[in-house]
Amino acid sequence: MTIKLNRNDPCWCKSGRKYKACHQAFDEKLMLAAAKGHTIPPHKIIKNAEQIAGIKESCKINIAVLDYIEEHIHAGMNTAEIDRIVYDMTTKMGGIPAPLHYQGYPYSVCTSVNEQVCHGFPSEQVVLQEGDIVNVDVSTILNGYFSDSSRMFCIGEVSAEKKRLVQVTKECVELGLREVKPWGFLGDMGQAVHDHAFANGYTVVREIGGHGVGLAFHEEPWVGYNSRRGQEMLMVPGMIFTIEPMVNMGAADIYVDDENDWEVYTEDGKPSAQWEIMVLVTEDGHEVLCW
Ligand code: MF3
Ligand code: CO
């Protein structure tokens with residue numbers, strides 16, 4: 001049940017401002033969209049200025065960790081070393097690696113190599129080889145605020161084919177990002193991502209998407225890419241979500257390792273790439289918080 005606020009009541013967003021000066025007009029716009037049949041975001045995923053500031057601090061750690069890995073990743077390194085770096089750097093900066101013990105996940109980071117789509121387990125046995133492409137997915141909790149982003153790394157000389165997959169996947173995220181603006185729809189973004197992958201002869205994983213993030217690791221909405229312009233949830237100021245398409249060189253089909261129930265692979269064994277950014281919808285467009 002929601003209790004209707006009076007104009008002079010404190011706003012539900014906990015900004016401390018009066019409802020009429022804060023989210024009243026916003027709510028009226030939401031109601032109108034809902035009446036038209038659109039999916040509207042719940043209040044609990046709309047962040048206020050203080051929360052956004054806290055989330056940005058968390059993002060600083062995520063970015064610093066990924067920057068460090070970018071400089072130090074190399075052929076001959078095993079992915080357990082990456083896990084150690086992530087744990088040590090994150091905790092030294094006062095954060096907690098969000099993946100660690102998340103729904104039983106046993107490591108501080110996901111390292112997904114070549115045909116591994118996501119949630120790859122770091123391991124002493126996985127030694128990075130010249131020609132590999134690897135996704136390093138880092139997520140941080142700082143003072144209760146969550147950040148989440150990932151990058152692709154090419155190890156030494158990588159085939160032109162794989163390089164193009166990595167590049168096009170990054171372009172998918174950039175093109176999707178252009179569609180992020182207040183009072184647009186998540187499907188505007190999703191279709192842009194999907195169209196670019198498709199135009200390049202690739203497929204996008206259907207089952208795993210992005211997500212709201214900030215006050216929890218995974219919040220509403222679920223962010224897919226098989227969506228269409230003008231559809232899915234309305235994007236509004238104060239929303240934060242990830243854009244993180246997994247783009248496959250071959251077919252879109254995937255399977256989950258049945259021994260550990262985490263690691264995801266392409267069914268056809270062809271490579272997969274992913275970049276993940278965290279984006280804030282602002283009053284006049286968007287701001288990338290983490291990449
Ligand atoms: N970082 C992943 C994401 O983008 C989360 C993986 S869950 C984990 O949503 F437990 F593996 F970390
Ligand atoms: Co994510």
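One-based numbering, in listed order, for ligands and for the atoms of each. Starting from 1, each residue takes its place in the sequence as its number. Because the structure is a prediction, the values reported are computed rather than measured.
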Should you measure from each heavy atom of [X], which atoms of ligand 1 turn up under 4.0 Å away?
X	answer
Cys110	11 (F), 12 (F)
Glu276	4 (O)
His218	3 (C), 5 (C), 9 (O)
Ser139	1 (N)

| message | Quick one about Asp27 and His43 (side-chain donor to acceptor, distance below 3.5 Å, no hydrogens or angles considered), yes or no? | response | yes

| Do Thr140 and Asn62 get their side chains close enough for a donor-acceptor pair, meaning under 3.5 Å? | yes

| field | Option passing side chain to side chain contact (heavy atoms under 4.5 Å, CB included) with Ser139 (candidates Pro99, Pro97, Ser58) | value |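 Result: among Pro99, Pro97, Ser58, Pro99 is the only option passing the side chain to side chain contact (heavy atoms under 4.5 Å, CB included) with Ser139.
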
| Which atom, among the N/O/S set of Asp148, is closest to the Co ion (ligand 2)? |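 Output for this pair reads OD2.
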
| request: Measuring from the Co ion (ligand 2), name the closest N, O or S atom belonging to Glu276. | output: OE2

| query | Considering all heavy atoms of both residues, which atom of Gly250 and which atom of Lys270 are nearest to each other, and what is their separation? | reply | CA-CD, 3.7 Å

| said: For a quick test of reading the model, state the closest non-hydrogen atom pair linking Asn135 to Gln274 and the distance between them. | reply: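 Shortest heavy-atom separation between Asn135 and Gln274 comes out as ND2-O, 2.7 Å.
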
Output yes when the distance from some N or O of ligand 1 to some N or O of [X] is under 3.5 Å, and no in every other case.
X	value
Tyr102	no
His119	no
Tyr105	no

| request: For the pair Glu171 and Arg164, find out whether any cationic side-chain nitrogen is under 4.0 Å from an anionic carboxylate oxygen. | output: no

| Whether Asp137 has an N, O or S atom under 2.8 Å from the Co ion (ligand 2) |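 Coordinating: no.
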
| the Co ion (ligand 2) reached by His218 (N, O or S, under 2.8 Å) |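 No, His218 does not qualify, because none of its backbone or side-chain N, O or S atoms lies under 2.8 Å.
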
| query | Does ligand 1 have any atom sitting under 4.0 Å from a heavy atom of Trp262? | reply |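 True for this residue.
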
| task | Could you tell me if any non-hydrogen atom of Gln103 lies under 4.0 Å from any atom of ligand 1? | result | no

| request: Could you tell me if the ring centre of Trp222 sits under 6.0 Å from that of Phe241? | output: no

